[in-house]
Amino acid sequence: HGSPHSTLLEGSFDASSLLLRLYHRFRALDRNKKGYLSRVDLQQIGALAVNPLGERLAGGGGAGWEELLGEVDFPGFVRVLAHFRPVDDDDSGMRDPKQPEPLNSRMNKLRFVFQLYDLDRDGKISRHEMLQVLRLMVGVQVTEEQLESITDRTVQEADEDGDGAVSFLEFTKVRIPFSYFFFIF
Amino acid sequence: MEGAELAGKILSTWLTLVLGLILLPSAFGVSLGISEIYMKILVKTLEWATIRIEKGVPKESGLKSSASVGIIQRDESPMEKGLSGLRGRDFELSDAFYFSKKGLEAIVEDEVTQRFSSEELVSWNLLTRTNMNFQYISVRLTAVWVLGVLVRYCVLLPLRVTLAFIGISLLVIGTTLVGQLPDSSLKNWLSELVHLTCCRICVRALSGTIHYHNKQYRPQKGGICVANHTSPIDVLILTTDGCYAMVGQVHGGLMGIIQRAMVKACPHVWFERSEMKDRHLVTKRLKEHIADKKKLPILIFPEGTCINNTSVMMFKKGSFEIGGTIHPVAIKYNPQFGDAFWNSSKYNMVSYLLRMMTSWAIVCDVWYMPPMTREEGEDAVQFANRVKSAIAVQGGLTELPWDGGLKRAKVKDTFKEEQQKNYSKMLVGNGSL
């Protein structure tokens with residue numbers, strides 16, 4: 001395991017041991033030893049399959065991991081997971097602006113989730129896309145009218161410039177509870 | 001000439017030793033205590049190795065044991081609490097964050113997929129295959145490891161292969177011979193004798209040390225024995241202490257020969273592959289079998305697939321619809337001496353057996369449990385879950401509601417729909433907005 005991967009997880013205890021375990025996990029998920037994870041590999045995870053957003057996270061329904069990251073080989077896998085590491089305390093102001101933003105910055109977390117909604121990757125969540133994602137999340141349990149009503153309200157609340165869609169900037173103003181933001185390795 | 005003579009002499013002494021020290025005692029069910037001595041030495045060596053490893057690991061790593069701590073600290077509260085709201089709350093864009101986090105947690109670590117790969121050990125047991133997180137500690141430890149490799153591959157492996165070969169041949173020959181006899185109590189007695197002897201030989205072929213608990217509850221004739229499934233060796237372990245009628249598909253090759261031979265001596269229930277798909281046919285034949293009180297108890301593994309012995313997964317209801325008395329049995333292997341789990345996607349049967357024969361030993365506990373029957377008003381699924389819980393508690397295994405079939409197939413849509421229902425209820429209450 002080369003050093004570029006270790007730096008992604010710097011700060012968590014024993015980064016190399018963690019990487020090793022993630023590697024074993026990657027190998028366990030990669031069913032036919034292809035060297036990368038396909039949509040089917042991820043869909044086989046039971047707990048993910050019952051997650052309302054599971055299909056999007058596994059890369060279905062629109063732009064998925066392959067489009068966003070290319071093949072999900074092991075470095076790609078680690079990159080995605082690194083997004084959800086806790087934000088370092090000294091992340092805000094003191095960072096050298098010439099350095100690339102760390103993967104787990106608030107902005108990058110927001111970008112990651114924004115892409116779950118923005119199916120065609122045009123930088124905006126249109127009303128139509130919102131409907132589609134909501135439909136994915138609730139299945140057949142909610143009627144079309146209820147869904148449209150929820151969509152309209154949500155888009156209206158977030159839309160500031162009145163273009164009927166939620167841009168990334170508008171998305172960043174959404175209030176997100178602290179505990180949703182990360183998981184702890 | 002001299003070389004050939006010498007080789008011949010060695011071979012014959014070898015065989016005589018094997019015969020005298022292992023085969024004959026097996027036939028009479030007597031133990032000479034050699035394996036006990038081996039186990040004692042093994043345990044002492046592993047304890048020593050553990051102490052050395054603990055001394056050698058640097059103190060600041062603070063990583064007590066990677067196996068007991070998960071990769072992630074998880075918040076296990078259900079969706080309703082995690083989504084910070086009461087019923088009838090509105091959809092928020094931030095909900096996607098909650099589900100992403102949960103989803104990524106599942107990708108990193110989920111309850112089920114980890115059950116299909118071998119258990120991580122708390123401390124290394126000097127086998128390369130379990131060396132996930134352990135680094136070089138000292139020369140002495142490495143030397144012991146090398147010695148271990150030599151002992152396992154050059155001494156134990158040939159011995160075990162010889163035994164296995166003898167055991168299986170005896171089984172096939174023995175059962176075929178006994179099968180020639182007319183049906184009588186003599187035939188049954190002989191069939192049991194052949195059976196038990198060969199099983200004991202095969203168990204020695206794996207250096208197996210098995211503790212049977214609660215023998216008074218051993219499955220009786222006309223009943224059904226159910227157990228948790230970890231590997232094909234489970235069958236061997238159970239049949240060493242009693243005779244069962246097996247249920248399963250007819251295979252080709254070596255397995256097929258063994259199956260055909262066994263069925264001559266006593267009635268097992270083998271199905272053709274095509275017949276397995278017809279559930280009514282299967283149930284009917286099994287019912288017929290247990291109705292005959294003189295027939296041996298049926299052995300069934302309701303999980304349907306091998307799990308890694310840390311948990312018990314969903315029991316398929318088919319076995320519990322047949323009726324009759326269920327005799328649950330819990331089997332727990334001690335992973336310190338050898339990993340018995342058969343990861344069929346990773347290893348085929350031959351490499352699995354090879355791994356078994358180059359481990360230190362197979363040590364396991366078998367608990368026989370009091371018989372259970374279906375109660376009034378209980379359907380097959382509830383009954384299956386009741387038995388499953390009992391086995392999990394007895395064996396010290398965790399209980400999972402998931403289907404072992406997840407090893408190969410996707411989650412059923414019904415599970416996903418349940419989650420969607422939960423979420424939808426939160427969004428829209430009971431139909432009001």
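All values reported here derive from a predicted model rather than from experimental measurement. Letters A, B, ... are given to chains in the order of the sequence lines, protein chains preceding strands, and every chain is numbered from 1.
Contact annotation for A/Phe26: neither backbone nor side-chain heavy atoms come within less than 4.5 Å of a heavy atom of chain B. With a 4.5 angstrom heavy-atom cutoff, A/Val174 touches chain B only via side-chain atoms. Contact of A/Leu116 with chain B is made through the side chain alone, with heavy-atom distances under 4.5 Å.
With values rounded to the nearest 0.5 angstrom, A/Leu53 atom CG is found 11.5 Å from B/Phe97 atom CZ.
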Kindly determine whether B/Phe99 and A/Arg56 satisfy side-chain contact (heavy atoms from CB on, under 4.5 Å), including the steps that lead there.
CA-CA 10 Å; B/Phe99 289 120; A/Arg56 280 300 290 141; over 6 Å; no
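Other residues, nucleotides and ligands place more than 12 heavy atoms under 6.0 Å from the CZ atom of A/Phe168. Residue A/Arg153 qualifies as enclosed at atom CZ: its count of foreign heavy atoms under 6.0 Å is above 12.
Checked by atom type and distance alone, the side chain of A/Arg25 pairs as donor or acceptor with a backbone atom of B/Ile107 at under 3.5 Å.
A pairwise comparison of heavy atoms in A/Met137 and B/Gln420 identifies O-CG, 3.3 Å as the closest pair. Minimum heavy-atom separation, B/Ala96 to A/Val113: CB-CG1, 3.6 Å.
Most heavy-atom pairs under 4.5 Å with chain B, from the set A/Leu48, A/Ile125, A/Val166: that is A/Leu48. Top candidate by heavy-atom pairs under 4.5 Å with chain B, chosen from A/Val142, A/Val133, A/Thr154, is A/Thr154.
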